[in-house]
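Notes to accompany the following structure.
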Amino acid sequence: MMEWETVIGLEIHAQLATKTKIFSGASTAYGAEPNSQACAIDLGLPGVLPVLNREVARMAAMFGLAIDAEIAHRSVFARKNYFYPDLPKGYQISQYELPIVRKGQLRIDLEDGSSKTVGVTRAHLEEDAGKSLHEDFHGLSGIDLNRAGTPLLEIVSEPDLRSAKEAVAYMKKLHQLVVYLGICDGNMQEGSFRCDANVSVRPKGEPKFGTRAEIKNLNSFRFVERAIEFEIERQIDLIEAGGRVVQETRLYDPDRGETRSMRGKEEANDYRYFPDPDLLPLVLDDEFIAAARASLPELPEVKKRRFVEHYGLSAYDAAVLTTSRALGDYYEAVVAALGGEPKLCANWVMGDLSAFLNKEGQDIAESPVSAAQLAGLLRRIQDRTISGKIAKDVFEALWAGEGDADAIIAQRGLKQITDTSAIEQVIDDVIAANPAQLAQYRAGKDKLFGFFVGQVMKLSKGKANPQQVNDLLAEKLKG
Ligand code: ADP
Ligand code: MG
């Protein structure tokens with residue numbers, strides 16, 4: 001049996017979160033009436049002149065800085081010529097020989113706890129094409145050109161990835177980064193972040209790469225993983241059966257879980273790239289790059305490290321709480337409002353709050369419980385007004401919009417009983433009502449301790465302080 005190694009390089013298209021198109025003032029808003037947001041410039045009608053949207057240069061520079069890449073002081077837009085119904089002007093404007101970002105890197109964390117650095121060859125600016133719609137047209141295709149001219153940053157990795165899992169880890173890391181930077185909304189369903197996966201296999205130990213196939217337009221992490229897994233199998237089976245992989249473009253069919261040949265691989269010379277005569281070279285001076293650097297937010301890795309060092313969180317907790325900028329901000333707002341207890345805050349944000357958000361399919365930004373409200377609840381655990389268990393009920397009421405924690409506690413009479421004589425009274429009642437269990441317990445059936453605790457909590461409607469119940473009960477049961 002031959003051992004095979006997989007080689008993968010990803011080309012990721014991130015839609016830049018500008019209000020208007022890359023070379024025109026038309027809106028980029030998603031979901032508008034078809035063909036209502038493509039202007040003469042997006043369509044390349046005769047006589048128009050494209051003008052670069054300054055924002056895209058700033059966003060690309062921010063991205064380059066965040067991955068320790070070189071930012072080109074001079075980059076050039078070229079025309080990539082091809083015919084397709086969704087590209088009425090007959091060419092796409094894209095950067096080719098001189099991209100704005102080169103030679104970056106991204107660290108990814110792997111499942112076994114190790115990490116690995118993946119090279120980013122380049123990231124270049126380009127415009128998106130329109131969209132062909134095949135449903136609802138009965139044998140015809142509809143063309144929606146709203147997407148034409150939407151700014152994209154195409155991020156090309158080195159062939160450094162060695163498994164579908166690594167490819168997904170890289171893609172997720174990149175997704176997190178562009179959303180953190182605020183340069184992409186990351187919405188994969190709307191096509192704001194999509195991936196072409198280049199896959200090849202070679203015998204283990206072979207220094208030369210095998211022939212690759214490129215799987216186009218994968219728009220979910222799951223599809224990327226499945227498409228690559230399928231493609232690896234297909235190529236190995238093909239070679240082991242005496243065949244050869246041909247360089248081609250393939251499409252993934254999620255319903256069948258397989259990739260299918262779409263067309264032979266085109267070469268760069270098929271596109272007859274040449275510098276777009278309508279656009280000047282993009283020149284960025286040091287001042288522009290410095291301003292982009294100054295506008296960088298705290299990056300996920302840095303935030304994670306700070307959460308570990310500053311709040312004493314575990315690496316795992318810190319990673320979860322820095323998944324998104326909004327979640328990290330929320331967490332920090334809870335700690336600040338409570339004035340400490342970072343671990344308690346982490347438990348609640350990652351626990352009950354996240355569970356409710358997941359259940360409702362809501363984002364932290366839409367949380368009906370504000371950071372201040374959650375801190376208000378945690379303050380009452382902290383000062384022992386309520387137990388952690390009762391707090392879960394209060395949280396549910398907070399979520400339902402029944403007011404602040406203090407109001408809910410007062411209204412529902414949930415205040416914890418910490419008065420020793422009151423708890424003793426309940427214990428005496430429980431013992432008096434359960435003589436048989438008492439006798440068994442005293443005869444050595446220790447397990448019954450839990451039964452008594454349960455009865456006391458039940459009789460006190462969960463309000464007796466659990467620690468005091470334990471202590472006092474131990475005393476009383478001894479007799
Ligand atoms: P093209 O110009 O045809 O798109 P590139 O050289 O720009 O080709 O590479 C595109 C992507 O394919 C890059 O992400 C690169 O890492 C990856 N790639 C190149 N060769 C291979 C290979 N043999 N196996 C897997 N991926 C590859
Ligand atoms: Mg390419």
Side-chain angles (χ1 to χ4, degrees), residues 4-14 63-64 67 69 72 75-76 78-82 91-92 94-106 108 116-126 128-129 152-175 193-218 224-225 227-236 238-239 244-252 259 261-274:
W4 295 94
E5 182 179 53
T6 307
V7 173
I8 303 163
L10 299 186
E11 296 166 274
I12 288 179
H13 287 92
F63 174 74
I67 58 162
S75 59
V76 171
R79 289 187 182 180
K80 179 180 183 179
N81 300 279
Y82 65 93
Y91 60 87
Q92 176 195 25
S94 175
Q95 296 189 314
Y96 178 56
E97 277 171 332
L98 294 173
I100 186 166
V101 171
R102 266 177 305 212
K103 292 190 188 147
Q105 54 202 358
L106 198 67
I108 59 170
K116 144 171 197 170
T117 300
V118 179
V120 175
T121 318
R122 56 188 273 152
H124 60 257
L125 289 166
E126 62 184 29
D128 207 347
L152 302 177
L153 186 66
E154 177 172 342
I155 304 158
V156 183
S157 86
E158 289 288 303
D160 285 346
L161 300 158
R162 292 291 173 268
S163 68
K165 287 241 174 342
E166 283 188 17
V168 171
Y170 167 81
M171 191 177 170
K172 284 189 171 161
K173 198 68 183 263
L174 211 53
H175 182 265
F193 190 86
R194 48 196 207 259
C195 170
D196 301 340
N198 295 270
V199 181
S200 66
V201 296
R202 62 179 169 185
K204 224 178 173 104
E206 162 70 47
K208 278 211 319 266
F209 288 146
T211 304
R212 74 185 136 124
E214 177 173 4
I215 313 162
K216 279 278 181 202
N217 252 324
L218 299 161
V224 168
E225 182 163 349
I228 293 175
E229 295 286 10
F230 176 89
E231 187 56 25
I232 295 169
E233 282 293 314
R234 185 189 72 85
Q235 293 186 9
I236 293 174
L238 185 63
I239 299 169
R244 256 176 357 108
V245 174
V246 290
Q247 192 166 336
E248 63 183 353
T249 300
R250 299 180 70 86
L251 270 189
Y252 177 65
T259 66
S261 181
M262 180 163 91
R263 57 170 188 251
K265 171 74 183 167
E266 61 290 328
E267 299 294 332
N269 56 20
D270 294 330
Y271 291 118
R272 201 174 57 99
Y273 282 98
F274 63 88

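Counting starts at 1 for both ligands and their atoms, in listed order. Values in this document were obtained by computation on a predicted structure and should not be read as measured data.
In the vicinity of Gly9, heavy-atom distances shorter than 4.0 Å reach the ligand 1 atoms 14 (O), 16 (O), 17 (C), 26 (N). Below 4.0 Å from some heavy atom of Val156 lie the following atoms of ligand 1, by number and element: 13 (C), 14 (O). With ligand atoms numbered from 1 in the order given, ligand 1 contributes 24 (N), 25 (C) to contacts under 4.0 Å with heavy atoms of Val7. In the vicinity of Glu158, heavy-atom distances shorter than 4.0 Å reach the ligand 1 atoms 16 (O). Those atoms of ligand 1 with a heavy atom of Gly210 less than 4.0 angstrom away are 23 (N). Listed by number with element, the atoms of ligand 1 under 4.0 Å from a non-hydrogen atom of Phe209 are 23 (N). The atoms of ligand 1 that sit less than 4.0 Å from any heavy atom of Arg212 are 3 (O), 8 (O), 9 (O), 10 (C), 12 (O), 18 (N), 19 (C), 20 (N), 21 (C), 22 (C), 24 (N), 27 (C).
Note: no N/O pair closer than 3.5 Å links Glu214 and ligand 1 by distance alone. Geometrically, ligand 1 and Pro159 share a nitrogen or oxygen pair separated by less than 3.5 Å.
We find the CD-CG distance between Glu214 and Leu251 to be 10.5 Å, quoted to the nearest 0.5 Å.
Take Ile236 and apply the side chain to side chain contact (heavy atoms under 4.5 Å, CB included) test, not counting sequence neighbours, and it matches Trp4, Val201, Ile232, Glu240. In terms of the side chain to side chain contact (heavy atoms under 4.5 Å, CB included) criterion, Glu97 has no residue partners (sequence neighbours excluded).
Residues Leu174 and Phe63 form a side-chain contact, since some pair of their non-hydrogen atoms from C-beta on lies under 4.5 Å apart. Using a 4.5 Å heavy-atom threshold, the side chains of Lys116 and Arg162 count as touching. Side-chain contact between Val120 and Tyr170 is present, with at least one heavy-atom pair separated by less than 4.5 Å.
Taking both residues in full, the closest heavy atoms of Arg202 and Gly210 are given as CB-N, 4.3 Å, listed atom of the first, atom of the second, then distance.
Residue-level proximity to ligand 1 for Asp160 is absent, since no heavy atom of it falls below 4.0 angstrom.
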